[in-house]
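Please read the structure below before turning to the comments.
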Amino acid sequence: MWPKGTTSWKTRDRGELDYDLHPQGTSTYTLYEDDGVTRKFTEGASATQQVRVQAPTHGKTSTTIKVGASAGSYEGNPAARSYRFTVHGKDAPSQVVMNGSRLQRLNSTTALASAESGWYTDPATGITEIRTPSVSTGRGFTVELRK
């Protein structure tokens, strides 16, 4: 779930967190984080973040991704980060909205990689990639893929 190309826990990019989603129905996930190096987690030095995905089991309706605020702390816990969602689906959304504001639709994965935020759907695979702007880990947010 760390950015593509991450080879070491110590040198990972803490400024981005990636999720690979295969939405169908409702699913929840709890992200657990600690410093990855020490045993301070045994003393409570850790954080969790809830993720809930709601998607249609059939038909073409919106998919909603809700990411909760991070709870807890540990040394090196990022105060803010961007999120990248790879959403496996059949059809491209008509728009992607984050907290009520539309994200820009881009024309390639290359354009998305260099953008601060936005989204792109590969027409050959139906996979939609979304990149959020950097947001406080202390606040939750919602991303909606509207059909």
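Just so we're clear, the structure is a prediction, and the values are computed from it rather than from any experiment.
Both V51 and L103 are part of a single hydrophobic cluster, where members link through side-chain heavy atoms under 4.5 Å apart. A continuous path of Ile, Leu, Val, Met, Phe, Trp and Tyr side chains, each step under 4.5 Å between heavy atoms, connects L145 with L21, placing both in one hydrophobic cluster.
No side-chain heavy atom of K40 sits less than 4.5 Å from a side-chain heavy atom of Y74. Side-chain contact between V135 and S82 is absent, with no heavy-atom pair separated by less than 4.5 Å. With contacts defined as side-chain heavy-atom distances shorter than 4.5 Å, the pair M98/P133 qualifies. Using a 4.5 Å cut-off on side-chain heavy atoms (C-beta onward), T86 and I127 make contact.
In this structure, Q49 CD and Y29 OH are separated by 10.5 Å, a value rounded to the nearest 0.5 Å. Interatomic distance, I130 CD1 to R84 CZ, rounded to the nearest 0.5 Å: 10.5 Å. To the nearest 0.5 Å, atoms CZ (R52) and OG1 (T28) are separated by 7.0 Å. Atom CZ in R105 sits 12.5 Å away from atom CG in L112 (nearest 0.5 Å). Taking OG1 of T26 as the start and NZ of K66 as the end, the distance is 10.0 Å to the nearest 0.5 Å. One distance of note links CD of Q104 with OG of S117; it measures 7.5 Å at 0.5 Å rounding.
Counting all heavy atoms, side chain and backbone alike, A47 lies closest to N77 at CB-ND2, 4.1 Å. Residues T63 and A55 share a closest heavy-atom pair of OG1-CB, 3.6 Å. Between A80 and S134, the shortest heavy-atom distance links the atoms CB-OG, 3.6 Å. N99 and G140 get closest at one heavy-atom pair: ND2-O, 4.4 Å.
The environment of E75 atom CD is sparse: at most 12 non-hydrogen atoms of other residues, nucleotides or ligands sit within 6.0 angstrom.
Partner of Q95 under the side chain to side chain donor-acceptor pair (under 3.5 Å) criterion, out of E144, R146, K147: R146 alone.
Counting only N and O atoms by type, the side chains of T128 and T121 include a donor and acceptor under 3.5 Å apart. With 3.5 Å as the limit, one finds a donor-acceptor pair spanning the side chains of T30 and Q50.
Between E116 and R131 there is no salt bridge, since no side-chain nitrogen of the basic residue lies less than 4.0 Å from a carboxylate oxygen of the acidic one.
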Inset, instruction - With side chain to side chain contact (heavy atoms under 4.5 Å, CB included) as the test, would you mind laying out the steps for V96 and V143 before giving the verdict? - result: CA-CA 7 Å; V96 175; V143 173; 3.8 Å; yes
Legend entry - Check against side chain to side chain contact (heavy atoms under 4.5 Å, CB included), T64 and T142: CA-CA 7 Å; T64 302; T142 300; 3.5 Å; yes
Inset, instruction - Carefully, step by step, assess V53 and Q24 under the rule side chain to side chain contact (heavy atoms under 4.5 Å, CB included). - result: CA-CA 8 Å; V53 180; Q24 185 174 5; over 6 Å; no
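Legend: ring-ring contact (aromatic ring centres under 6.0 Å, His included) pairs involving residues 82-120, not counting sequence neighbours, sorted by first then second residue: Y19-F85, H22-H88, Y83-F141.
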